[in-house]
Every structure is written in structure tokens, then in C-alpha cells.
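Only one structure is covered here, and it is reproduced in the block below.
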Amino acid sequence: MTISIRSVEKTFGRYPALNGVSLEIADGELLALLGPSGSGKTTLLRAIAGLEFPEKGQILFDGQDMTYASAAARQVGFVFQQYALFRHMTLARNISFGLDVRKGAAKPPKAEIARRVEELLNLVELPGLGKRYPAQLSGGQRQRVALARALAVSPSVLLLDEPFGALDATVRKSLRKELRRIHDATGVTTIFVTHDQEEALELADRVAILNHGVIQQVGTPQQVHDEPEGAFVAGFVGEANRLEGTVRAGRFQAGEVAVPAPAAAEGAAIAYIRPHDLIRAAAGQESFYITADRINVQGPVARIEGKTPGGQRIEAAFERNASEGLAPGARIGLTVQRSYIFSA
């Protein structure tokens, strides 16, 4: 199922939740809607689902205008953050619910429903647990059941709203891998909302980044991280040191920090430098210095927090062996491998 979103606008009172949003989603794609709270990502998901209707624009499924079609007519599967399972029903009945409530010829035979339930329990790696109740499961298992229930009706599109937000970090990481596996096994066009950039970058084929109801950039995880198209994306995706300075004669300067900026416009500018793009320089090759305040070794990476003589706070990330001999108070020479510079 392809989805075309064309110049969609949605307001709540005087608040513009979506402001001329356009987006093309390919058949079988796994797309993440990423952004801070209030960016419009959940409103966009609900508009795709038919749970909200825009004031302007169009939403097309395989070229058919579904802008004001009901949620039932769109045949979407929806997975909520809080599972929304029926506590009084077994897992099997929860999963089969969407099939059980169908009328007439649209309702499959009981044996076929039972086969579908077992198939989905196996798909989400909960075989043989159909007779259990939601209260007997962990949070991660309940979310797997919610996913199976959404898939039971063979949806044209699978929509997930912060699906792992209520789970602890270890379970979230495990379920991310499971969702990717299930998506690859089913091939269903899938859109999920998250404010967790690690989740979006690890899981999605492409990421659409929203802010204040506007799509700032759409691209692969590598593109939005390594090739940000604006200051918001550069600062929001990944970690970055933010420096306010000036571009003069093709060079950005912020206190002691200076980097080439051949394509940047003259005048006030903001530079974003990722910690891993700061290199510990050999003697005589330093661009600037910091004094280390804190050194934190995390597995193979050493994170250095410090400041320049002028007081500019800088964070750098080195391979662990490059931090040997460093201690708080050390004077460290750095060079900039890559920076992102935008007019202020």
C-alpha cells in the first residue's frame, strides 16, 4: 500500500498541529515519524488512520482519496502505547477480536480464525500462550499481543503510536528488533511515531522529522544524521555541540573554535559539531584546546566534557585507547573533522 499525503493542514483551536504536510510513503516501507512533543507526529498518524480529519489537503491510499473515509474503510491496524488489550479476554480472543466481530460472509470460519491466531502467536514468539490473560504477561509480551491483534485483520497499513514508550530500555531494544523482523516477514507498509531518535534511526527505512507541524527533512537514517538540511535537524538528530559565532571570508569563528565554512553565508551563524567529529590532535596540529572537566569511559568510547579557555563548553568522544593518560584538568588539543553551519 502506497500512501500520499498532500498539503495536509490540521488545527486544534488556534494551534496549527499540521501545517502543509506532504509526504510519500512507499509500498512495504517502514517509516518513522520523529520529533519532539507537540511536533504533530501523532496528529499525522491519526489523520492517516482516519481518527482525525484535516481541514485541507488530501490523503491517498494507492491513489484513492481516503481523506475523509472512516477508520474502518481504510483497513488499518493500530497499535497504541498502552496496549489497549481486553483484560477479561484470553490472548487468543484478544487477537481474534477484529475477525470475530465481522458480519456475514466477511467473517472467517472458526477453524480459520483459530489457525490465524496460532500463526500470529508464533510470529510474535508467544506460541502456546493463547489461553493466558493479559495480566499474566509482562509489558513486552502484552505489546507483542497488541501487535498480533493489529495484524490479525491483514491490514493494508500498520500504524504504531509510541509503541515501546511504556517499556523499560532493555525490553524496548528487544522489541525494536522484533518489530523489524515482523515487518520484514509480513511486508506491510508500517508507520510508527516516536520521540526516541535511537529507535527511529535503528528501526526505520526512512525517517520523517517534524517540528511545529512542518516536516523538516525526510531521508534514510544515515542521511538525516550525516546530512542535516537545517539547524533543527542538526541539533535534534544525534548529539552535537552548538556554537554561536560568525562567518567571515569562508571561515566560521566562535571564540577559540574556528572551522572552514566555504559554502556558508557571511554573518551570524550557528555551527553544530558532533562529539565524534572532534579528533584528539597531535602536537602542533591542534585547532583549539579544551581543559577536561570530566572523563567518562563507556565501553569502547571515552566521552570528554570540558571547556575552552574562553569558557565555551565542548563535549568530545574518542575511541577508548585515544583517551589513555587523560584525567580531569588535562589540556587537550582538538581538530574538527566535520561541522554543520547554518545562518543564524
Side-chain angles (χ1 to χ4, degrees), residues 1-12 15-54 57-61 66-67 71 74 76-82 143 146-147 150 155-167 172 175-176 179-180 182-183 188-225 228-230 232-238:
M1 174 72 72
T2 62
I3 301 174
S4 297
I5 299 162
R6 300 179 179 175
S7 303
V8 164
E9 296 185 11
K10 176 68 178 178
T11 59
F12 294 104
Y15 175 73
L18 298 174
N19 191 2
V21 169
S22 294
L23 180 63
E24 297 292 327
I25 303 165
D27 181 33
E29 183 172 25
L30 179 53
L31 179 90
L33 300 178
L34 174 65
S37 297
S39 61
K41 54 190 187 295
T42 293
T43 301
L44 179 56
L45 192 78
R46 289 174 63 84
I48 295 169
L51 301 175
E52 300 283 356
F53 299 108
Q58 284 184 303
I59 298 173
L60 290 80
F61 284 17
M66 303 293 283
T67 310
R74 302 184 194 209
V76 301
F78 208 114
V79 179
F80 298 91
Q81 180 177 334
Q82 298 295 339
Q143 195 59 293
L147 182 57
S156 58
V157 180
L158 181 63
L159 307 175
L160 305 99
D161 188 8
E162 298 276 7
F164 313 131
L167 305 172
R172 281 205 308 270
L175 280 185
R176 287 205 294 261
L179 177 58
R180 183 73 234 192
I182 290 167
H183 172 267
V188 176
T189 303
T190 301
I191 306 167
F192 74 99
V193 160
T194 183
H195 65 274
D196 184 335
Q197 57 178 276
E198 179 183 338
E199 189 168 280
L201 298 180
E202 178 183 330
L203 188 54
D205 297 319
R206 287 192 307 153
V207 181
I209 301 170
L210 287 89
N211 190 36
H212 297 307
V214 176
I215 291 183
Q216 303 290 322
Q217 186 173 347
V218 183
T220 65
Q222 183 176 351
Q223 285 171 337
V224 298
H225 184 275
E229 294 177 358
F232 174 79
V233 176
F236 182 73
V237 179

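Owing to the predicted nature of the structure, the values given are computational and were not obtained by experimental measurement.
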Worksheet entry | Atom pair CG/OG1 of Leu60 and Thr2 - distance to nearest 0.5 Å | 8.5 Å

Discussion item. Pairing donors with acceptors under 3.5 angstrom, does anything connect the side chains of Ser4 and Glu24?
Written reply: yes

Fill in: All side-chain contact (heavy atoms from CB on, under 4.5 Å) counterparts of Glu199, not counting sequence neighbours
Phe164, Arg172, Arg176, Phe192, Thr194, Asp196

Worksheet entry | Min side-chain heavy-atom separation Val21-Arg6 under 4.5 Å | no

Discussion item. For a 4.5 angstrom cut-off between non-hydrogen side-chain atoms, does Pro36 reach Phe232?
Written reply: yes

Discussion item. If I compare all heavy atoms of Ser7 with all of Ser22, which pair ends up nearest, and what's the gap?
Written reply: N-OG, 2.8 Å

Worksheet item: Do Asn211 and Ser39 have a side chain donor and acceptor closer than 3.5 Å?
Response: no

Worksheet item: Does some side-chain heavy atom of Val218 sit less than 4.5 Å from a side-chain heavy atom of Ile209?
Response: no

Worksheet item: Where is the tightest heavy-atom contact between Ala200 and Leu34, given as atom of each residue plus distance?
Response: CB-CD2, 4.1 Å

Discussion item. Within the 4.5 Å heavy-atom criterion, are Glu29 and Arg206 side-chain neighbours or not?
Written reply: yes

Worksheet item: Thr67 and Gly57: which non-hydrogen atoms are nearest, and at how many Å?
Response: CG2-O, 3.7 Å

Discussion item. I want to check something: taking the side chain as every heavy atom from C-beta on, are Leu51 and Phe78 in contact at a cut-off of under 4.5 Å?
Written reply: yes

Worksheet item: So do His195 and Lys41 actually touch side chain to side chain, heavy atoms under 4.5 Å?
Response: yes

Worksheet item: With side chains defined as the heavy atoms from C-beta onward, is the minimum distance between Leu31 and Leu33 less than 4.5 Å?
Response: yes

Worksheet item: How many angstroms lie between atom CD1 of Ile191 and atom CG of Leu160, to the nearest 0.5 angstrom?
Response: 9.5 Å

Fill in: Side-chain heavy-atom pair Leu147, Leu175 within 4.5 angstrom cut-off
no

Item to complete: With Thr189 as reference, evaluate Val76, Leu30, Ile25 under the side chain to side chain contact (heavy atoms under 4.5 Å, CB included) test and give the passing residue.
Response: Ile25

Fill in: Shortest non-hydrogen separation from Pro228 to Val233 and the atoms involved
CB-CG1, 3.8 Å

